[in-house]
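The structure appears right after this line, and notes come after that.
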Amino acid sequence: MKIGTEDTPNPPERKPDAGLIEAFNEWCRASLTAESLSDSATEAERQPYSSAISRAEEALAMPAETAAGVEVKLLHVFATVAESPDAYSAVWSGTHLAPDGGALSDSRHAMLWGAIQDLRRIVNRSAQSAT
């Protein structure tokens with residue numbers, strides 16, 4: 001799932017949390033690629049993706065200044081704490097999470113996922129009322 005990407009003919013000034021958003025998108029790319037490697041992949045074949053994941057995770061430790069920055073941090077934490085295929089899929093590609101199983105079967109994971117959805121709803125409501 002790419003967050004905060006827009007195609008514009010003239011790129012605007014660097015936005016707050018652009019580094020966090022870029023780090024999250026890189027974490028998603030590297031994680032998806034690493035996950036797609038065969039079980040027989042060597043450590044040398046996995047190493048570039050492991051390094052990219054580590055760099056992205058270090059960058060995700062930066063303080064957030066916007067709701068988008070908070071969202072990517074929460075998405076990363078949710079995926080890495082829930083550690084289930086459906087959690088990763090929901091974070092990486094935006095697939096729907098069933099409310100009664102998988103990643104949401106643990107009440108703490110469900111609460112964290114709910115907080116992410118709450119944040120999205122608040123941001124959308126604020127954007128709608130601003131127009």
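If you read the sequence from its start, that first residue is 1, and numbering goes on from there. No hydrogens, no waters, no symmetry mates; every other heavy atom, side chains included, goes into these values.
Using cut-offs of 30° and 60° on the angle between ring planes, the pair Trp27 and Tyr88 is tilted.
Looking at every heavy atom in both residues, Leu104 comes nearest to Ala98 through CD1-O, 3.5 Å. Looking at every heavy atom in both residues, Ala87 comes nearest to Ala82 through CB-CB, 3.7 Å. Between Ala23 and Ala56, the shortest heavy-atom contact is O-CB, 3.4 Å. Between Ser89 and Thr95, the shortest heavy-atom distance links the atoms OG-OG1, 2.9 Å. For the pair Leu20 and Met62, the tightest heavy-atom approach, listed with the atom from each and the gap, is N-CE, 3.5 Å.
Residues Glu71 and Leu75 meet the side-chain proximity criterion, which asks for heavy atoms closer than 4.5 Å. Glu57 has its side chain within reach of Thr80: a pair of non-hydrogen atoms, C-beta onward, lies under 4.5 Å apart. The shortest side-chain heavy-atom distance between Arg108 and Leu112 does not fall under the 4.5 Å cut-off. A 4.5 Å side-chain heavy-atom check between Asp86 and Leu97 finds at least one atom pair inside the cut-off.
Checked by atom type and distance alone, the side chain of Gln128 never pairs as donor or acceptor with a backbone atom of Arg125 at under 3.5 Å. Under a 3.5 Å cut-off, the side chain of Asp17 and the backbone N or O of Ala68 do not form any donor-acceptor pair.
Counting non-hydrogen atoms of neighbouring residues, nucleotides and ligands closer than 6.0 angstrom, the CD atom of Glu35 reaches no more than 12 such neighbours.
Rounded to the nearest 0.5 Å, atoms CD1 (Ile53) and CG (Leu60) are 11.5 Å apart.
Residues meeting the side-chain hydrogen bond (donor to acceptor under 3.5 Å, both in side chains) test with Ser38, sequence neighbours left out: Ser40. Applying the side-chain contact (heavy atoms from CB on, under 4.5 Å) rule to Ala115 yields no partners; only residues at least two apart in sequence or on another chain are considered.
Listed by first then second residue, pairs satisfying ring pair (Phe, Tyr, Trp, His ring centres under 6.0 Å) with a partner in residues 95-122 read Phe78-Trp113, not counting sequence neighbours.
In summary, Arg46 and Glu43 do not engage in a salt bridge, as defined by a charged side-chain N under 4.0 Å from a carboxylate O.
Looking only at atom types and distance, the side chain of Ser54 has no donor-acceptor partner in the side chain of Glu58 under 3.5 Å away.
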